[in-house]
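Inspection log for the structure reproduced underneath, given as structure tokens.
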2 protein chains.
Amino acid sequence: MNENKGRYSKQRETIYQILCDNMTHPTVDEIYMKARQIIPDISLGTVYRNLNVLVEQGRIRRVDIGDKAHYDAKITKHYHFVCKDCGDISDMYIDDEMLKDFISNVEEKTGNKLESVDIIFNGVCSHCHKE
Amino acid sequence: MNENKGRYSKQRETIYQILCDNMTHPTVDEIYMKARQIIPDISLGTVYRNLNVLVEQGRIRRVDIGDKAHYDAKITKHYHFVCKDCGDISDMYIDDEMLKDFISNVEEKTGNKLESVDIIFNGVCSHCHKE
DNA sequence: GTAACTGCAAATCCTTTGCTATGGA
DNA sequence: TCCATAGCAAAGGATTTGCAGTTAC
């Protein structure tokens, strides 16, 4: 990770702050809309460029859900739940120990060296489920 | 699933056969190239349309890896391993019992109703690992 | 001063869609 | 015959890139 690379720019820090202030996992367009409320003439290209830079720097994380890219400023290890009714994406924290067995079992069986695991849980969230 | 919907078409069955004959998880382009070796004037639009139909019919499965769609004729429950060196995608079968605890634990904690889980293991495959 | 960054617009994918013709039942 | 499907080409949407001007350091 290159946390120290790159100059300061108002655009980049604004985008980063938008992600930090949001519990949702916004798409590029959603980030662009919010950014324009703060910097009205920011361009979509700049948003794309900065999201890529922030990912490279390890300051944010890209989460691919279906065919859409979402961005997340929470870079600690966690997984995601996607509600098929409302589309909301929420974070899932899972006891690491539960996954450990799992992973060593898989490594043993396949000979592959595992580095990370992405998990997406699909279903209906507690809120939508009530109706 | 609508296994019985749709007429026969040489194009659709060719695409389906390509997926059945391949252990890889080809992208649309890869499927298109192979299909053209069999039906030289098949169009890319037809490949897209038929992949969508086959998914709707439940005969194949779409697997989103990163920002790319891959297609898979193995519709039994399984997960995927992606080698970050060679890019190959291989199947991972996991004991259902291992996941059960996991899922009921997550449902209890969150109140969300889980319907399916997608897991992508990232790492280096046994083949690339040797070098 | 200079290299990184910006906005803008054009270029590049990837995928869907509208149209007319064809072919399976 | 009739309607699903085909090919083709254009449209649409997402993302990247080239360029000239601007800004951080």
Side-chain angles (χ1 to χ4, degrees), chain A residues 1-19 24-72 87 89, chain B residues 1-19 24-72 87 89:
Chain A
M1 311 281 174
N2 310 307
E3 281 90 357
N4 300 318
K5 219 185 120 198
R7 287 185 181 167
Y8 169 86
S9 96
K10 189 170 55 139
Q11 288 82 350
R12 185 173 303 154
E13 291 315 309
T14 300
I15 289 166
Y16 181 63
Q17 273 311 314
I18 286 169
L19 285 173
T24 63
H25 301 68
T27 58
V28 177
D29 267 355
E30 290 161 352
I31 296 164
Y32 176 52
M33 309 256 222
K34 281 186 205 288
R36 275 206 304 189
Q37 293 169 7
I38 301 164
I39 306 171
D41 62 350
I42 195 172
S43 79
L44 184 55
T46 295
V47 174
Y48 273 104
R49 262 187 296 236
N50 277 309
L51 287 170
N52 288 339
V53 170
L54 288 165
V55 169
E56 275 168 41
Q57 290 175 339
R59 296 175 69 194
I60 66 172
R61 179 177 155 189
R62 175 181 165 150
V63 183
D64 291 303
I65 306 272
D67 54 353
K68 277 190 192 153
H70 297 251
Y71 291 88
D72 192 344
I89 299 167
Chain B
M1 312 284 173
N2 310 307
E3 281 92 356
N4 301 318
K5 218 185 120 196
R7 287 187 182 166
Y8 169 86
S9 95
K10 186 170 61 143
Q11 287 82 350
R12 186 173 303 153
E13 292 315 308
T14 299
I15 289 167
Y16 181 63
Q17 273 311 314
I18 286 168
L19 286 173
T24 64
H25 300 68
T27 59
V28 177
D29 267 355
E30 289 161 353
I31 296 164
Y32 176 51
M33 309 254 223
K34 280 186 205 289
R36 275 207 302 190
Q37 294 170 5
I38 301 164
I39 306 174
D41 62 350
I42 194 171
S43 80
L44 185 55
T46 293
V47 174
Y48 273 104
R49 261 188 295 236
N50 278 309
L51 287 169
N52 289 339
V53 170
L54 288 165
V55 169
E56 275 168 40
Q57 291 176 340
R59 296 174 68 193
I60 66 171
R61 179 176 156 190
R62 175 180 163 150
V63 183
D64 292 303
I65 305 273
D67 55 352
K68 276 190 194 155
H70 297 252
Y71 291 87
D72 192 344
I89 300 168

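Please read all numbers here as calculations on a predicted model, not as lab measurements. The sequence lines fix the lettering, A, B, ..., with proteins before strands; numbering per chain opens at 1.
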(request) Remember a base hit wins even if backbone is also touched, and classify Tyr48(A) as base, sugar-phosphate or nothing at under 4.0 Å, heavy atoms. (result) base

(request) Figure out the CZ/P separation between Arg12(A) and dA4(C), and round it to whole Å. (result) 11 Å

(request) Could you check if a side-chain atom of Ile89(A) sits within less than 4.5 angstrom of a side-chain atom of Ile65(A), using non-hydrogen atoms only? (result) yes

(message) Looking at dG7(C), I'd like to know if its phosphate oxygens (OP1 or OP2) sit under 4.0 Å from a side-chain N or O belonging to Thr46(A).
(response) yes

(message) So does His25(A) get a backbone contact from the side chain of His70(A), meaning a donor-acceptor N/O pair under 3.5 Å?
(response) yes

(message) Quick check on dT16(D): is either OP1 or OP2 less than 4.0 Å from any side-chain nitrogen or oxygen of Arg49(A)?
(response) no

(request) May I have the distance from Arg62(A) (atom CZ) to dA14(D) (atom P), rounded to whole angstrom? (result) 13 Å

(message) Strictly below 4.0 Å: does Gln11(B) bring a side-chain N or O up to OP1 or OP2 of dG7(D)?
(response) yes

(message) From CD1 of Ile39(B) over to C1' of dG23(C), roughly how many Å is that when rounded to an integer?
(response) 14 Å

(message) Heavy-atom nearest nucleotide on DNA chain C for Leu44(B) versus Tyr8(B): which residue maps closer to 5'?
(response) Leu44(B)

(message) Expressed as a whole number of angstroms, how long is the span from Glu56(A):CD to dC5(C):C1'?
(response) 14 Å

(request) Give the rounded distance in Å between these two atoms: CG of Asp41(A) and C1' of dG21(D). (result) 14 Å

(message) Is Asn50(A) close enough to dT6(C) that one of its side-chain N or O atoms is under 4.0 Å from OP1 or OP2 there?
(response) yes

(message) Could you report the tightest heavy-atom contact between Thr14(A) and Lys10(A), atom names first, then the distance?
(response) OG1-O, 2.7 Å

(request) With the side chain of Arg7(A) defined as its heavy atoms from C-beta on, choose the nearest nucleotide among dT15(C), dT5(D), dT2(C). (result) dT2(C)

(message) Checking the side chain of Arg12(B) only, and the main-chain atoms of Arg49(B) only, is there a donor and an acceptor separated by less than 3.5 Å?
(response) no

(message) On a heavy-atom basis, which atom in Ile15(B) and which in Val47(B) lie closest, and how many Å separate them?
(response) CD1-CA, 3.8 Å

(request) Using atom CD of Glu30(A) as one end and atom P of dA14(D) as the other, report the distance to the nearest whole Å. (result) 11 Å

(request) Between Lys68(A) and Gly45(B), just flag the one whose closest nucleotide in DNA chain D comes earlier from the 5' side. (result) Gly45(B)

(message) Without decimals, in angstroms, what is the distance between Ile42(A) CD1 and dC5(C) P?
(response) 14 Å

(request) Have a look at Asp67(A) and say if it touches a base, only the backbone sugar-phosphate, or nothing, with a 4.0 Å heavy-atom cut-off. (result) nothing

(request) Taking only the side-chain heavy atoms of Ser9(B) (C-beta and beyond), determine which of dA6(D), dT6(C), dT15(C) contains the nearest atom. (result) dA6(D)

(request) Starting from C1' on dC8(D), measure out to CZ on Arg36(B) and report it in whole angstrom. (result) 14 Å

